[in-house]
Amino acid sequence: MSTWAEQSLHGWGHYPVHGALVARPESPAEVAQALREHQGRGLLAYGLGRSYGDAPLLEGGQVLRTERLDRMLSFDDSTGWARIEAGVTVEDLARTFAPRGWFPPVVPGTWYVTAAGALANDIHGKNHHLDGTWADHVRRVELLTASGEVVVCDAEREPDLFWATVGGLGLTGLILSMEVRMVPIPGPYIEVETVKVRDLDHFFQVSAESGGYSHTVSWIDTTTRGRGMGRGHFMRGRWTAERPPAGLHLPRLTVPFDAPNALLNRATITLFNEAYYQRQRAARVRAITGYEPFFFPLDAVDGWNRAYGPRGFLQYQLVVPHDPERRAIRAVMEAVTRSGMASFLAVIKEFGDRIHPHLSFPRPGVTLAMDFPNRGRPLLDLFDRLDRIVLDAGGRLYLGKDARLSRDTFRAMYPEWEGWRALRDTWDPEGVFRSSLGRRLGLCKEDR
Amino acid sequence: MSTLILGATSRVASRVAHRYAAAGHDVVLAAIELEEAQALAADVRLRHQVKAVAIRFDATDFDAHPAVIAEAAQVLGGIDVALIAFGAMGDAARARQEFSAARQVIEINYSAAVSVAELLAAHMVARGKGTLIGIASVAGDRGRQSNYLYGSAKGALALYLQGLRNRLHKDGVHVLTVKPGFMDTRMTWGVDTGRVPVLSPEAAAEAIFRAAERGADVVYLPPFWRLIMGGIRAIPEALFKRMSL
Ligand SMILES: Cc1cc2nc3c(=O)[nH]c(=O)nc-3n(C[C@H](O)[C@H](O)[C@H](O)COP(=O)(O)OP(=O)(O)OC[C@H]3O[C@@H](n4cnc5c(N)ncnc54)[C@H](O)[C@@H]3O)c2cc1C
Ligand SMILES: NC(=O)c1ccc[n+]([C@@H]2O[C@H](COP(=O)([O-])OP(=O)(O)OC[C@H]3O[C@@H](n4cnc5c(N)ncnc54)[C@H](OP(=O)(O)O)[C@@H]3O)[C@@H](O)[C@H]2O)c1
């Protein structure tokens, strides 16, 4: 028998917070046992809760925390294939393999994500334009399906189930393990060049000129209008064996308590953006750094998400197709500045052309992600206006970051939803696997 | 250097294995579920690039104990550190009804620990060195109505380890008694501990490793439990028997 504890869970944005009966299996056998104890109110896996909204939540249902299902099972140092359990994290992989000349193929902006969470949101990294998403480097996914059967799937075996599970938000079954292919690196260091970007057009110009770099991302100031709109810092990097100069230490900061929400208002955010933009004087700066500050800068600030206060915050991440006029991006930024809302942190990046079917988020084009303190209705209204712009441009939102999209808008953004849902239902006809997000968007059984 | 972990599927036990492996020890992970022990061994091997081997071990199969210890000693080329981590809370209500349930709690927490400890003691004395670590509990410091059976077995274990420490001192073998309060494991998942802090298995493992390295005799985890239990032990029995702690 598993022990089920009543717990309140939330994602990275602390919004929303949903209660569930929670178990924490430590072995595949305990996961199977928990599935047998399913009480008909839905079951869902929760990794490290680094999704921002309600993707890993299931109000009133049963949730399995997978963080202790975290064993590395094998590694082939001639090919880079590592077989790992669902809860092994990007941190585990990076720490274990970087010193030996290997690195996880795709990493997000934090290393506190699980392998299964990475697959269920089909995450992308700074190298998307070259290397695609997490799913592009995965095989032999062991999935515990609703019937209790463990199905091994990948692009060759049970490909339909595999692609439904990629970006499938935990709604096709419980991922037990997978093989992921580490990539060889010359050393655990990154040669990075930061280019000061004047405006949006300049961003796209620099992006186009960055073909020699495997990793690109740009911080963008979303508080400045008119000339200078879209200014920012474009960071591009590649692996190197060259060591960083000695004595370079990054301070580790902590946010020990929930800061009052009022600290982050439009004025302070605008000030921050100005200061951040001006901190680099030169047009370009080259440096060698360890991989941590390059890939996971925010992980150095423990609990930074709590700076947004008890009401939490929301992220809005969109992708829109390429457009020489950048109309949608401009319209979004204008709508944001006009609304009086301000985004503390915003990043922009051009995706590559490799795409996956169904609910996997990345599409060719440009992606923009903005964090906003939770101001309630006015913020949600702004998001609704942004949805319209994104939709009209043929774009979509990242469900791993979402907490509020309407079902209709979602369906318009993801016309693939219906085919995915039908596939999902064949593997789980009773609707065992559910989530708060799934109920909201009509991706799973809804009655409680 | 080498470490044997008995009851390796406990999260604390497996973190201790990782901690010693990080310090360069080869490890043997012994547990009832061989497949689980094998997964844990693979994990230790991959992360720390040491030798890690799984052995099947059932604490209540006393007759098999000598072979288990012998195999571990052989695999490791001698055991430098051994952790006795297995244990079970049992079902206190059932144990009142059926002695077989009570006996199981006693056997797992006490008798089995004695059995392997004697074998390990002999092995370590023969080598003239070694560290034997046993996980007892604050529950063993005073009998309380809610869990006195488990507590009595853990209390007996602590007393036993105390005597063993005294006996082995001259042989250069060190015995460490660990008395945890609450640790965040299967045993406490879903238990409401109120405002009492729950120690992470990683922190517990680090504390155990350090206590063993510095040659401590008895450690409470976290240390504040020493004070609390000192206070609880000081309550006169005439008063204590009326209390519901
Ligand atoms: C600071 C920060 C930066 C980020 N940067 C990026 C980025 O650059 N690119 C990007 O793509 N994302 C990024 N993200 C988002 C993050 O990578 C994803 O949300 C990721 O899925 C989180 O992983 P997790 O283990 O925390 O999973 P959770 O958030 O806990 O869960 C995510 C989904 O996976 C499912 N799931 C988890 N475990 C299992 C399992 N065993 N079986 C089946 N389903 C399971 C859950 O049900 C849920 O639907 C970032 C997040 C943060 C906080
Ligand atoms: N958690 C706490 O707050 C706390 C406090 C004080 C003391 N302790 C002690 O700490 C130790 C570790 O426990 P834990 O907290 O990590 O809980 P746990 O997960 O329940 O660990 C107990 C371990 O003992 C094993 N075990 C039980 N019966 C066994 C048998 N017959 N043969 C072999 N192994 C057996 C269990 O294996 P299976 O799971 O395969 O049965 C399990 O790995 C125990 O001695 C416990 O009494 C814990």
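Here is how names work: the chains are called A, B, and so on, in the same order as the sequence lines, proteins then strands, and each is numbered from 1.
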Check the side chains of [Y] and [X] for a donor-acceptor pair under 3.5 angstrom, ignoring hydrogens and angles.
X	Y	result
A:His18	A:Ser436	yes
A:Ser2	A:Glu37	yes
A:Asp299	A:Thr110	yes

*Any idea how A:Phe295 and A:Trp239 line up, ring-wise: parallel (<30°), tilted (30 to 60°), or perpendicular (>60°)?*
tilted
*Please work out whether the ring planes of B:Trp225 and B:Phe182 are parallel, tilted or perpendicular, with thresholds of 30° and 60°.*
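It falls in the perpendicular class, over 60°.
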Donor-acceptor contacts, no H, no angles, side chain residues 38-46 of chain B, under 3.5 Å, sequence neighbours left out:
unit_1  : atom_1 : unit_2  : atom_2 : d
B:Asp43 : OD1    : A:Met72 : N      : 2.9
B:Asp43 : OD1    : B:Arg47 : NE     : 2.7
B:Asp43 : OD1    : B:Arg47 : NH2    : 3.4
B:Asp43 : OD2    : B:His18 : NE2    : 3.2
B:Asp43 : OD2    : B:Arg47 : NE     : 3.4
B:Arg45 : NH1    : B:Ala52 : O      : 2.6

*Measuring heavy-atom distances to chain A, does B:Ser14 have an atom under 4.5 Å in its side chain, in its backbone, in both, or in neither?*
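Neither part; nothing is under 4.5 Å.
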_Please classify the contact of A:Arg83 with chain B as side chain, backbone, both or neither, using a heavy-atom distance under 4.5 Å._
neither
_A:Glu6, part contacting chain B, at a heavy-atom distance under 4.5 Å_ =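 Neither part, no heavy atoms under 4.5 Å.
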_Applying salt bridge (charged side-chain N to carboxylate O under 4.0 Å, His left out), can you list everything that pairs with B:Arg210, at least two apart in sequence or on another chain?_
B:Glu206
*Below 4.0 angstrom, N of the basic side chain to O of the carboxylate: do A:Arg71 and B:Glu36 qualify?*
yes
*Give a yes or no on whether a salt bridge exists between A:Arg181 and A:Asp76, defined as a side-chain N under 4.0 angstrom from a carboxylate O.*
no
*Determine whether more than 12 heavy atoms belonging to other residues, nucleotides or ligands lie under 6.0 Å from atom CD of A:Glu67.*
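Buried by this count: over 12 neighbours within 6.0 Å.
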*B:Tyr220 six-ring centre to B:Arg226 NZ/CZ under 6.0 Å and within 45° of normal*: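 Checked: cation-pi criterion not met.
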*How about residues 86-105 of chain A versus chain B: which residues have heavy atoms under 4.5 Å apart?*
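Listed by number, the contacting residues are A:Val88, A:Asp92, A:Thr96, A:Arg100.
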*Output the residues of residues 26-35 of chain A for which the shortest heavy-atom distance to chain B is under 4.5 Å, in residue-number order; output 'none' if no such residue exists.*
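Against chain B, the residues of residues 26-35 of chain A that fall inside the cut-off (heavy atoms, under 4.5 Å) are A:Glu26, A:Ser27, A:Pro28, A:Glu30.
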